Amino acid sequence: MTRAFYVSTPIYYVNAEPHIGHAYTTVVGDFLKRFYQLDGADAYYLTGTDEHGEKIYQAARAAGTDSQSFCDRISQRFRDAWDTLEVANDDFIRTTEERHKKVVRAILQNVYDKGDIYYDEYEGLYCVGCERFMTDKELVNGMCSDHQREPEKRREGNYFFRMENYRTWLREHIESHPDFIRPEGYRNEVLSMLSESIGDLSISRPKERVPWGIELPWDGEHVTYVWFDALINYISALEVPDGDKFVRYWPVTQHLIGKDILKAHAVFWPTMLRAAEIPVYQHLNVGGFLMGPDGQKMSKSLGNVVDPFELAESYGADALRYYLLKDTVYGQDSAVGEALLVERYNADLANDLGNLLSRVRALLGRHLDGALPTPEQIDRDREVIAEGEGLLSRVRPLVDQLRFFEALELVMRFVRHLNRYFNDEAPWKLAKDPDQRVRLGTVLYNIAEGLRIASVLLEPAMPSKAKQIRRDLGLGDYAFADIEAWGQAPFGSQIPDKADILFPKKEREEVEKTGGQAAKKPASSAQREAQIDEVSIDDFARIALRVARIVSAQKVEKADKLLKLQLDVGDEERTVVSGIAQWYQPADLVGRRVVLVANLKPAKLRGIVSQGMILAADDGEGNLVLVEPGGDIAVGAEVR
Ligand code: ME8
């Protein structure tokens, strides 16, 4: 029987529109689903929306609509978003669906009948953002660190789940299953949570305060706490307890979550399952957070929010998916942004992959009537063939371990090998010699075959472009079973005459835009300009300005005005001594992006060689304010 595989994402709250964090987790899920499906598994992928609870209720009221139509509208936005990003989920669950509510009620009743739920009055600090009571230890300066607000003091009568009773069991389970929670850092975090009392979990809300939720089966005055409701989606969608899907997929579950909801998934969920006498999931995979291009948490006020749908519009869903998987380390936080995407796009996709495809197509069309020739391999072909044939077996364990960027890097390394092979064998020269026709055919065949193998391995990351690569080579679809032996691209396949460029090279639109603005004269400086000689554009062009990031900053001894800055300029580090100590604390500078005059003659200041100067504007009162590039311009970018 084929192996089963089941992956889920969190079900997203409908109080906000889909954003890049949702997109990231959902793309990871889709990558896994497609990868294991191509590898012959019966793979099942679930995502959906979380629609009950206080914050959804409040959001609907603020929008002036009833809760259900509000949920219908935003939930549809998530579905549309996943269509845009080519996400092939098998099911989409909504917690307002009857199929879900029915299961929640059954589990509640079951746990209640066992005596694991009791009524009590509770007073504590409640964060509406998290939808849970917080412990004092979790607060930073009295605030919830995820939502940057003070929790409210609340006292109410609630039903409680005897979660503490399951703590020892859970700790032992995690200890005896080292990959139950991964990466390991998160496992340790959970073990440390479990080293002391976790208390009991409040699982209801009085209906008079939160009317939007699933009523408790035994007390219509209370609705189910949103987490006790939402977590159950992972099994209600499979028709627990005896649906075929539940029997087939539940034993091999892999949940994907972000680190923000670790406690709910690593503590609430397994104890709930245990109480309901349902086996626990197999793996909890915890992703890090995507940060703005400046490395800071994305927020509207910082203006560093990256919109995945704008990026998909400009660069295509496949390029965005590839970028998210290739430029992040699963489990760790990663900065993302348009300039970084463009760099990755041009280097990997337009150059290494796209160019090779168009070069091989051009030669096949021009010299071999557009047909894939029959190769006659010689010794010097062995190396590239061996690498191609062994690629899957090297990529698979990396994907099993959620090391996506390394898996994709292996495939791209192979593509770069194909490029080297192309350059070394120089088929354009072979084409000039009629005696070398067979050799020409062999070289072009091997490149086409290598691209076929690479395309199949890239398909989970970029489903449409992978198909396009093969279409442009006159080939159809393949599974992983078809890429372990070289030579499965059929000889004689005819390539289509015309093909769109796979990944047209992109300019960094943002950088160009800001460059244009910077060249304009700010009106307020007219007076000062009058005193300065005019310079020609050529004079100005002699000054090299570049975007740099402050890596560290410290006070210069015995110099009140000076700070010593260490700058990252992309391809090098520079030390710059800057006279801004009066206006900036060293700690406030780290991470900021500034504009560096990169070709200024080095000068020694207080014994330190300063290699350039950073730009600051005068606020008119003699105070200096750093010039900080907007958008998400990459470090090292030229300012023109
Ligand atoms: O928590 N980087 O829903 P939610 C990476 N409804 N991933 C991010 C991210 C970021 N900056 N921001 C969000 C909920 N995410 C509950 C879940 S499950 C039974 C209920 C992703 O809409 C990440 O996967 O707040 C995170 O866990 C999830 O979105 C939270 O989505």
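Computed from a predicted structure; not experimentally measured. Ligands are counted one by one from 1 in listed order, and the atoms in each one are counted from 1 as well. Note: hydrogens, waters and symmetry copies are ignored here, and every other heavy atom, side chains too, is used.
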**Which residue and heavy atom of the protein sit nearest atom 2 (N) of ligand 1, plus the separation** = L290 N, 2.8 Å

**Message:** Tell me whether D333 is salt-bridged to K259, with the criterion being a basic N under 4.0 Å from an acidic carboxylate O.
**Reply:** yes

**Prompt:** Contact between W227 and ligand 1, counting heavy atoms under 4.0 Å?
**Reply:** yes

**Prompt:** Does any N or O atom in K259 lie less than 3.5 angstrom from one in ligand 1, N or O only?
**Reply:** no

**Prompt:** Quick one: do R209 and E156 make a salt bridge, cutoff under 4.0 Å?
**Reply:** yes

**Prompt:** Any N/O of F289 closer than 3.5 Å to an N/O of ligand 1?
**Reply:** no

**Message:** Yes or no: does K297 have any heavy atom under 4.0 Å from an atom of ligand 1?
**Reply:** no

**Request:** Identify the protein heavy atom lying closest to atom 19 (C) of ligand 1, giving its residue, its atom name and the separation to 0.1 Å.
**Result:** Y234 OH, 3.5 Å

**Prompt:** CD1/I214 to NE2/H100 distance, rounded to the nearest 0.5 angstrom?
**Reply:** 4.5 Å

**Prompt:** Could K326 and E409 be called an ion pair, given the rule that one side-chain N must be under 4.0 Å from one carboxylate O?
**Reply:** yes

**Request:** Under 4.0 Å from a heavy atom of D50: give me the atoms of ligand 1 that qualify, with their elements.
**Result:** 6 (N), 16 (C), 20 (C)

**Request:** Could you check Y126 against E131 for side-chain contact (heavy atoms from CB on, under 4.5 Å), going step by step and ending with a plain yes or no?
**Result:** CA-CA 7 Å; Y126 193 81; E131 288 277 24; 2.9 Å; yes

**Item:** Working for ring pair (Phe, Tyr, Trp, His ring centres under 6.0 Å), residues F404 and F31
**Value:** CA-CA 9 Å; F404 310 121; F31 175 87; 5.4 Å; yes

**Fill in**
Going by the 4.0 angstrom heavy-atom rule, the piece of H265 near ligand 1 is side chain

**Fill in**
ligand 1 atoms nearer than 4.0 angstrom to some heavy atom of A230 are 19 (C)

**Request:** Considering only non-hydrogen protein atoms, determine which one is nearest to atom 1 (O) of ligand 1 and report residue, atom name and distance to 0.1 Å.
**Result:** I261 CG2, 3.4 Å

**Asked** Within 45° of the axis and under 6.0 Å from the centre of the six-membered ring of Y330, does NZ or CZ of R403 qualify?
**Response** no

**Item:** Any donor-acceptor pair under 3.5 Å from D229 side chain to T224 backbone
**Value:** no

**Complete:** Among non-hydrogen protein atoms, atom 13 (C) of ligand 1 lies closest to H19 CE1, 3.4 Å

**Asked** Between G258 and ligand 1, does any nitrogen or oxygen pair lie at a separation below 3.5 Å?
**Response** yes

**Asked** Which is closest to atom 4 (P) of ligand 1 in terms of heavy atoms, F268, Y13, W269?
**Response** Y13

**Asked** What residue and heavy atom of the protein are closest to atom 31 (O) of ligand 1, and at what distance?
**Response** Y12 CD2, 3.5 Å

**Asked** With no hydrogens and no angle check, do the side chains of T9 and T47 hold a donor and an acceptor under 3.5 Å apart?
**Response** yes

**atom 9 (C) of ligand 1 - nearest protein heavy atom and its distance** = G21 CA, 3.4 Å

**Item:** Side chain, backbone, both or neither: the part of D260 lying under 4.0 Å from ligand 1 by heavy atom
**Value:** side chain

**Fill in**
A student checking ligand 1 against T25 at a 4.0 Å heavy-atom cut-off should list atoms 7 (N), 21 (C), 23 (C), 24 (O)

**Prompt:** What protein heavy atom sits nearest atom 29 (O) of ligand 1, and how far away is it?
**Reply:** H22 CD2, 3.4 Å

**Message:** Using 30° and 60° as the class boundaries, would you call the ring planes of Y249 and Y44 parallel, tilted or perpendicular?
**Reply:** parallel

**Item:** Aromatic plane relationship, F228 with F161 - under 30° parallel, 30 to 60° tilted, over 60° perpendicular
**Value:** perpendicular

**Message:** Tell me whether ligand 1 is touched by G288 - counting only heavy atoms on the residue side and a distance under 4.0 Å.
**Reply:** yes

**Prompt:** Below 4.0 angstrom, N of the basic side chain to O of the carboxylate: do E123 and R154 qualify?
**Reply:** no

**Complete:** the protein heavy atom lying closest to atom 17 (C) of ligand 1 turns out to be I11 O, 3.2 Å

